[in-house]
There are 4 protein chains.
Amino acid sequence: MTTLGHLINGVRVDREERTQDIFNPSVGEVAGQVSLASKATVEEAIAAAEAAYPAWRDTPAAKRARIMFRFKQLLEEHADEIVRLVGQEHGKIVHDARGELARGIENVEYACYAPELLKGEHSKNTGPSIDSWSEFQPLGVVAGITPFNFPAMVPLWMYPMAIACGNTFVLKPSERDPSSALYIAELAQEAGLPAGVINVVNGDKEAVDTLLDDPRVQAVSFVGSTPIAEYIYSRASASGKRCQALGGAKNHAIVMPDADMDNVVNSLNGAAFGSSGERCMALSVAVAVGDEAADTLIAKMQEQMKSLKVGPFSDKSNDFGPVITKAHQEKVCGYIDSAEQQGATIVVDGRGVQVPGHDNGFYVGGTLIDRVTPEMTCYQEEIFGPVLLVVRAGSMDEAMKLIDDHEYGNGTCIYTRDGEAARYFSDRIQVGMVGINVPLPVPVSYHSFGGWKRSLFGDLSAYGPDAVRFYTRRKTITQRWPSAGVREGAQFSFPS
Amino acid sequence: MTTLGHLINGVRVDREERTQDIFNPSVGEVAGQVSLASKATVEEAIAAAEAAYPAWRDTPAAKRARIMFRFKQLLEEHADEIVRLVGQEHGKIVHDARGELARGIENVEYACYAPELLKGEHSKNTGPSIDSWSEFQPLGVVAGITPFNFPAMVPLWMYPMAIACGNTFVLKPSERDPSSALYIAELAQEAGLPAGVINVVNGDKEAVDTLLDDPRVQAVSFVGSTPIAEYIYSRASASGKRCQALGGAKNHAIVMPDADMDNVVNSLNGAAFGSSGERCMALSVAVAVGDEAADTLIAKMQEQMKSLKVGPFSDKSNDFGPVITKAHQEKVCGYIDSAEQQGATIVVDGRGVQVPGHDNGFYVGGTLIDRVTPEMTCYQEEIFGPVLLVVRAGSMDEAMKLIDDHEYGNGTCIYTRDGEAARYFSDRIQVGMVGINVPLPVPVSYHSFGGWKRSLFGDLSAYGPDAVRFYTRRKTITQRWPSAGVREGAQFSFPS
Amino acid sequence: MTTLGHLINGVRVDREERTQDIFNPSVGEVAGQVSLASKATVEEAIAAAEAAYPAWRDTPAAKRARIMFRFKQLLEEHADEIVRLVGQEHGKIVHDARGELARGIENVEYACYAPELLKGEHSKNTGPSIDSWSEFQPLGVVAGITPFNFPAMVPLWMYPMAIACGNTFVLKPSERDPSSALYIAELAQEAGLPAGVINVVNGDKEAVDTLLDDPRVQAVSFVGSTPIAEYIYSRASASGKRCQALGGAKNHAIVMPDADMDNVVNSLNGAAFGSSGERCMALSVAVAVGDEAADTLIAKMQEQMKSLKVGPFSDKSNDFGPVITKAHQEKVCGYIDSAEQQGATIVVDGRGVQVPGHDNGFYVGGTLIDRVTPEMTCYQEEIFGPVLLVVRAGSMDEAMKLIDDHEYGNGTCIYTRDGEAARYFSDRIQVGMVGINVPLPVPVSYHSFGGWKRSLFGDLSAYGPDAVRFYTRRKTITQRWPSAGVREGAQFSFPS
Amino acid sequence: MTTLGHLINGVRVDREERTQDIFNPSVGEVAGQVSLASKATVEEAIAAAEAAYPAWRDTPAAKRARIMFRFKQLLEEHADEIVRLVGQEHGKIVHDARGELARGIENVEYACYAPELLKGEHSKNTGPSIDSWSEFQPLGVVAGITPFNFPAMVPLWMYPMAIACGNTFVLKPSERDPSSALYIAELAQEAGLPAGVINVVNGDKEAVDTLLDDPRVQAVSFVGSTPIAEYIYSRASASGKRCQALGGAKNHAIVMPDADMDNVVNSLNGAAFGSSGERCMALSVAVAVGDEAADTLIAKMQEQMKSLKVGPFSDKSNDFGPVITKAHQEKVCGYIDSAEQQGATIVVDGRGVQVPGHDNGFYVGGTLIDRVTPEMTCYQEEIFGPVLLVVRAGSMDEAMKLIDDHEYGNGTCIYTRDGEAARYFSDRIQVGMVGINVPLPVPVSYHSFGGWKRSLFGDLSAYGPDAVRFYTRRKTITQRWPSAGVREGAQFSFPS
């Protein structure tokens, strides 16, 4: 069984540090070990990034982008291996992992646009013969700390653009499923990145704190849960870094009486249970407006969920796989228990699901819970499992108030055919990413990803145009040339 | 003698709170009192802003901008009174106060562009029949905390744009010279702002902390010294607010051997001593490259400074006025003392300057100090007085290293005729605002103002395009209409 | 009775040329004379503009914009007089003229944004130590030729932005109602434009051809009918000028069965009959999908039209006034005659309308014609009168095909509540300006105005962002400084 | 010997039409034949493009862009073959052809950015509850007509972006060296373009006129000589198409007395003689300011030119190859003759150059002519050969006047170290592409290419951001939803 080390200054290294087990959640067994970087190892990575910075910063943006073109190509060529690594350690089914990778590659495509995105603003004659312009210069060494649930994609939200902007990078992926991130970073090097431009350190809190405290690290991007996001944000800010920290979610869909209910059920099914609900954009609460809509929704969902298939990542016929750990499996089931105890109706129950031949896998079946109310624990917290709650609201305004009162504000959706209802909703709802008949309104790679309220700490969203601003600093230059020295001198000195 | 109160929900109020003296520094006498708002008073202002928000947010941007057009007009019409209030409490000479106001009005002009600046990005067919677009929505109630040195201008950096973006505002101006800010805010109301959209509270730390802690305040803009900026940034961030906090500076000019030395001396004179050097963009260190350049510079500056005239704000023939307080006068002189003790050469000495008829005014004369080194106290700290230090460097790279090693990175300048030197400097120097033969490279209002390093905490700069991003939140909407209901239905239902 | 001359180089001049009558169409009497400029007079104006160009081009954009701020103010202060001049010569009712002026002022507001809009794109390191940026430089002397129907607004679409971009201008307004344009241009001068920056010549084809042929004129903007637009476009292009020529329209509204019919009728009423239908964005064809929608529409329109009031411009209770000339009155009535002859149903007949006390005014009453078909003359041509045609379509696709088959493609609208229908329509329809439940989808001043097909000749639309591109030329600068001359020289020359 | 046909609707076709010889200019022999498309063949291509349009238009921009990513990859993989085809028919040396291809690929890279570049502007609340946004929609079928001198690159300026924007395309490459364009278009198909999206027709005036007149063609891009550009522009405009037509050039470099003369000579050498001067950006006139600069320049150039090597394309040691035809060889020599007769000094004479073993190749040696004056034929016309003229000017202003007085305004350059001279020059010179110490200031692919004066007919430049505007039409949508139908209805209908 192998131990996964780090990628520092262009080579794989292992520093014989503490290690931690990596599981294959589909079978519930240990699949390998990962090194947990010491402070010294992280500092070695930072030093490598710092050393690589000056030359990389001076490389023209078009050349940097050209490496991203090549990186995209390599990611496509090695998709099968990436998908296998993701599935084995995370548990997501092949088609889902492939989708994750595709979204990641789209972020690499956007990084290819760097020469366009880095354009500054040039003003002629801000005063007589004075010009002024802005440049968006890189920051230096920046760091990314990424979660287990999208082990391939979230790192690709971050470093392709950071690097295309001229920074060098230290990535600390989730220690639960680190293999794909490491593998992908090696492809980035193969695409032409000089040694030290991208570094990967595996680790836990020691590694994280080192990145947060080291003065050479200029900025930190984080995606994870809200409590950790808050910690990251305040500690990074306290050491003068710029920081963006994305946290948890509780994404509601409003189902209006005029919605196309077959469309609702089809799309909710994927949005609630896909990837076992371990997505910060998972649709975890459906708010039906009126009992008629609620009853229809429940009946149709119940029917549809009969064909939901849960099982190991390697079987393409499965709809979704296990959750990430045994402990998380228990936590999710605990939320279902609490809902039952607090008076909700368990319409479809995923506790105790059987997956023949994979008895030790960390499985939870698709779960549908009706008559949920805002006071219940299952409503207030992020479950991060294949559990869809249904809340019944008396009016659209009541439904919207539920959403606005929740501490999270990541994504939301409305199902309706009506232009006015859609516009009223999208205008007013206090949520950063809004879908109209789109249950997973993840912005495409050329827009930016960011929730509101306690789902995002920082001013700028992830990937897309905002990432360019996050990974660069504005410099404004004002220029006036003193007098017509050479020009008029030349005139006078001309021999007649 | 009057006591200055607050502007809350459209009316001037006084809540009989603690008060503090306002001085006229030109004569060194008390000119009035200012109320120091209690927590309750600040909360009253926040509540007024919160109540005004929903209707203001829904007012079309073009209408909001039209009030800014009218505001600009009123500022121009009442310029004399504003200039008088600034001069009396701050001490700056009429022409300087007029310049300050002009820069402030330019920020109001830029706020007039809000309909253009608030445009979101619209993408057709992000997927089949799916559209996606971003909206930059206002935040709600935002606050500004502003310094004494530009009592009219810095508030205008903030609230015109914040308000044009649809926010409502609570301003806490400096308690040392609060009259102009209050007067100007009343003009903003006269221009058509509904009650509660702009509120002004005078106060000290109690008021500041209330603004930083109140959960209804969504964002805080601050300009002041670096220690306070850090405090503001960490406290506001800890309560989940977005924050931009601008701090101190130590702005260096590099004087190259090929510089047009008459131009250098003329422009340094204003940049170092204007407004008694109480500007975060004051040019306080000249780094001469080569002793020849240094000697020439010293000789010409010394000559030029003979005609520098310091005196009361009301006499237009003065070049600059007093510093803000007795304590600050002593502090500035203390820095000159320390330079002398630490081995620098006091070429022109402004300590003990006499201003006949204004013996109690807080005056410091223009001071020129040669042979300053990086270890000296006067070099390491921000003096904020009419003191120009000269450092001698052996090469341009040595001069640049001095700048990059300083903790501040607000503004800097190079004097040269040479295109290559200018480009090398502006590309590499670790400072946010760079002048090429421009000693005060304050960006025009349609660019943004922001230093690097410990001169700015936060991702986004002040005013200009960055302010639009700071005072708004990105919302991304993804839309797909479910099926051709009405359209095809209409087709079938048509009676033949 | 006065004769209206020209505004050349800052002064009103009259060159004793040919003249033409100006009518007051509300009473049908001659109200004055206008001079028709000879070639020499137009060349005098061009020469004035050319002489004013160099200094104006070098005036910082912010200063040019500041004059536009002042111009806006003067337009607001003199609105009553402008509205009176428009009403007297054009015939539109006070409230309508006031609306026209308001839209014109919005274009002046947009011209105030020039410093932002003129920003070029700056790229650092397009190659090693090579920078490249674009500047949008003015063209020189540009000309505008404007129509009678918006005598105040259309000139304001053109010259404020052209001038704010650094060009100088020669305007030839309609000779039928030239007074307001001349008056407004004088206000622009009063606002601070130097003499020669804005010039107005009155005239006919001789003046137009002079502007089209003179090599000093760099660009021509035109708004009028399609045959003239084509003439202008080909003649200006042949002499190497850039040209944008806006022509006629036939704007259709599709009324879907699910439309809010009261809203339809209310808004169609204004859109079809306002300003006597003499608008290139007038809604002149309603296409009802299904006979039920058509019958309801006809019934409600007929009822609503009973209260339509036509009469002289000076009576504010009127809904609309006369058409522009006796000849045009006859032409409009001729179209109604032809519709009747070709088999349409005249539901409400505006021919022979009586306006007591104004028997000689050029009035046509609001007219509603049902069962119009594409073969009819009244359908194929632009009527430019208060006549609304109703066509009945069997499906939405059939309705859209009607629109796409028409030679014009200026504006169009759909009435529906359904998101999908609206998106399908706006995506596919071959028309440049599309309304969803908005019958007059005139873009706001910070977007651009332009039809498709034979409604616009040229690449760039009128006003808004496109106008900035039309009135400027891109210049791209690529810069590399040869070697570290001064910088390294300085290093060596330093005496040790 | 093969006959080159066309690429129509995805397949190579030959319609047994008129043919024309293709030469290998390095040896002066016929290398093949090319078909000259009849009107019917061109119409077949247009029909194919029209048929492919609807589906292509509806393909999401990101998918279209993804084909461009793949296209770039294929171009890189097949670079050797492309370079060989270019060299054989055009005569340019391998390294030069490789450079041409690299610039072409950069334009494909920029087309990959289409999802970003096609973003429209979205405005919330242009009025109460009214939103408005712009979409940049494709035009339909567009055509490109390209010159012999960059047979691979100029087509890549056009169709990758046109196609990425959703248009379909008909390319007519130069009939003198058509093979590379045909080969490259097949790679574009292999990359994934559906049949009919890119079509190539070979031909002469008959093909051109068909493209210009056919109403299905919406836009034409042309690059060639000025007389043809004018013809194309006026004929395309007359048929209502949008058109951009790039013509000839006479690019001047000003050599200031302070210039780094070794840099001048090195870079002029390549800029004047590279690709035998058959470039619209070739630097063909050096204007030396002062006789001293002129004398030095002449002396150093003369020395440097001794090592210039002319010969067949296949020998990598050559600096440049033959000109395109025998007739052109004679024309270029004729210009040298005329210079001699009109009094200029032939410093280095390229007439009668010998290339051993390639006696029939169309060679002209590098030629340097001093003391050229504006009246000479060689100065007034575009030579398009390896001939550098030197004009002597008495001052910088005199040098600039020469440039501004020339009918062309494509590219220009100044050599100086002085910031002020460079800024004065780039600000004022009436030329579209300006170099500062850069003799071939061809904008990078993410800026746009366009001359001024008679070097470009049309408003928008080639490639870069302008190409996006050229290949799309603005549509502005204004949307208001009528009333709170479903939303409030839902509220009322809820059973209590």
Side-chain angles (χ1 to χ4, degrees), chain C residues 121 123 126-127 130 132-135 137 230 233-234 237-238 240 242 244 259-260 263-264 415 417 422 426-427 429 431-438 441-444 446-450 452-454 457-461 465-466 469-470 473-483 485-486, chain D residues 121 123 126-127 130 132-135 137 230 233-234 237-238 240 242 244 259-260 263 415 417 422 426-427 429 431-438 441-444 446-450 452-454 457-461 464-466 469-470 473-483 485-486:
Chain C
E121 299 180 319
S123 292
T126 56
I130 302 177
S132 193
W133 68 91
S134 55
E135 301 180 356
Q137 295 201 346
E230 271 195 298
Y233 188 72
S234 67
S237 294
R242 67 170 61 187
Q244 56 179 188
D260 175 337
N263 177 41
V264 172
Y415 286 105
R417 291 172 177 284
S426 65
D427 177 29
I429 202 72
V431 170
M433 295 176 282
V434 180
I436 298 174
N437 299 303
V438 173
V442 180
V444 287
Y446 45 102
H447 284 253
S448 291
F449 184 106
W452 286 12
K453 292 188 284 186
R454 289 170 57 76
F457 301 88
D459 304 347
L460 294 165
S461 297
D466 270 18
R469 293 304 309 276
F470 185 76
R473 268 191 300 206
R474 181 187 284 267
K475 181 183 272 186
T476 304
I477 296 158
T478 304
Q479 177 176 283
R480 173 173 47 197
W481 295 105
S483 67
V486 162
Chain D
E121 300 180 320
S123 293
T126 56
I130 301 177
S132 193
W133 68 93
S134 54
E135 300 179 358
Q137 298 201 345
E230 270 194 299
Y233 187 72
S234 67
S237 293
R242 67 171 60 188
Q244 56 181 186
D260 175 336
N263 177 41
Y415 287 104
R417 292 173 177 283
S426 65
D427 176 28
I429 202 73
V431 171
M433 294 176 283
V434 180
I436 298 172
N437 301 300
V438 173
V442 179
V444 287
Y446 44 102
H447 285 253
S448 291
F449 184 107
W452 286 12
K453 294 186 285 185
R454 288 172 56 78
F457 301 87
D459 304 348
L460 294 165
S461 297
D466 270 19
R469 293 305 310 277
F470 185 76
R473 270 190 299 205
R474 182 187 283 268
K475 182 185 269 187
T476 305
I477 296 158
T478 305
Q479 176 176 282
R480 173 174 46 198
W481 295 106
S483 68
V486 161

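The sequence lines fix the lettering, A, B, ..., with proteins before strands; numbering per chain opens at 1. The analysis underlying the following values was restricted to heavy atoms, covering all of them including side chains, and did not include hydrogens, waters or symmetry mates.
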Atom of D:Arg242, atom of C:Gly458 and distance for their closest heavy-atom approach: NH2-O, 4.5 Å
Nearest atoms (heavy-atom pairs only) where C:His447 meets D:Glu121: CE1-O, 3.3 Å
pair C:Gln137-D:Asp427: side-chain heavy atoms closer than 4.5 Å: yes
Backbone N/O of C:Ser426 and side chain of D:Lys475: donor-acceptor pair under 3.5 Å: yes
Partner chain D: residue of C:Lys453, C:Gln244, C:Arg474, C:Glu135 with the largest heavy-atom pair count (under 4.5 Å): C:Arg474
Residue selection (most heavy-atom pairs with chain D, distance under 4.5 Å) from C:Pro441, C:Gly127, C:Ala238: C:Pro441
Residue part contacting chain D, namely of C:Val264, when any heavy atom lies under 4.5 Å: neither
Straight-line distance of D:Asp459 CG to C:Asp459 CG, nearest 0.5 Å: 5.0 Å
Interface residue of largest heavy-atom contact number with chain D, from C:Gly240, C:Ala259, C:Ala422, C:Ser448, under 4.5 Å: C:Ser448
Short side-chain to backbone donor-acceptor contact, D:Trp481 and C:Ile436, under 3.5 Å: no
Interatomic spacing from CG in C:Asp466 to CZ in D:Arg469 - rounded to 0.5 Å: 4.0 Å
Side chain to side chain contact (heavy atoms under 4.5 Å, CB included) partners of C:Ser132, counting only residues at least two apart: C:Thr126, C:Thr476, C:Thr478
Contact winner vs chain C - D:Trp133, D:Phe457, D:Tyr446, heavy-atom pairs under 4.5 Å: D:Tyr446
Chain D contact via C:Tyr415 - side chain, backbone, both or neither, heavy atoms under 4.5 Å: neither
Contact class of C:Tyr233 relative to chain D, heavy atoms under 4.5 angstrom: side chain
Check: D:Asn437 side chain, C:Arg480 main-chain N or O, donor-acceptor pair, under 3.5 Å: yes
By salt bridge (Lys or Arg N to Asp or Glu O under 4.0 Å) - contacts of C:Arg454 (at least two apart): C:Glu230, C:Glu407
